[in-house]
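Structure record follows, encoded as structure tokens.
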Amino acid sequence: MPTYAYACKDCGHAFDIVQSFSDSSLTECPECKGSLRKKFNSVGVVFKGSGFYRTDSRDSKGSTVSPAPAAPAAAPAPAAPAPAAATS
């Protein structure tokens with residue numbers, strides 16, 4: 001069963017509770033009887049192992065993707081203007 005996080009809108013009390021998917025969401029704070037809101041967190045996805053590569057789960061013939069073209073050489077930066085000559 002999943003664990004859900006709630007926070008009270010009135011007093012700020014935060015807590016986690018294990019609920020079934022079929023259970024309705026809580027609406028009343030157990031501390032102050034104020035209104036609750038369900039907090040949503042990012043889904044925890046963990047890729048374990050030595051790494052995942054472009055060639056994983058492909059046939060042994062090799063990649064069908066052609067390599068990316070080489071980047072063109074960068075253009076030289078424009079020259080800075082020469083400083084003005086001092087006059088006396």
Side-chain angles (χ1 to χ4, degrees):
M1 285 199 300
T3 302
Y4 293 100
Y6 288 92
C8 179
K9 293 179 183 178
D10 299 331
C11 71
H13 174 68
F15 61 97
D16 295 340
I17 189 166
V18 177
Q19 289 181 296
S20 173
F21 289 109
S22 60
D23 291 346
S24 18
S25 297
L26 300 179
T27 57
E28 188 176 276
C29 176
E31 297 285 319
C32 72
K33 306 299 182 206
S35 60
L36 287 177
R37 68 179 175 88
K38 190 182 282 189
K39 294 169 45 177
F40 292 97
N41 297 323
S42 60
V43 177
V45 176
V46 178
F47 296 102
K48 293 185 178 181
S50 61
F52 296 91
Y53 299 96
R54 195 174 91 161
T55 56
D56 287 351
S57 301
R58 293 196 179 178
D59 61 0
S60 60
K61 294 179 185 176
S63 174
T64 59
V65 177
S66 61
T87 57
S88 44

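We use all heavy atoms of the structure for the numbers below, so side chains are in, but hydrogens, waters and symmetry mates are not.
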If you look only at distance, which donor and acceptor atoms sit under 3.5 Å apart when one is on a side chain in residues 14-21 and the other is two or more places apart or in another chain?
from, atom 1, to, atom 2, distance (Å)
Q19, OE1, Y6, OH, 2.9
Q19, NE2, S24, O, 3.2
S20, OG, S22, N, 3.4
S20, OG, S22, OG, 3.3

message: Test of understanding: with side chain to side chain donor-acceptor pair (under 3.5 Å), list the residues that count as partners of T3, not counting sequence neighbours.
response: none
Return a table of donor-acceptor pairs under 3.5 angstrom between the side chains of residues 27-37 and protein atoms on other chains or two or more places apart.
none

message: Once side chain to side chain donor-acceptor pair (under 3.5 Å) is applied, do any residues pair with K9, and if so which ones, sequence neighbours excluded?
response: none
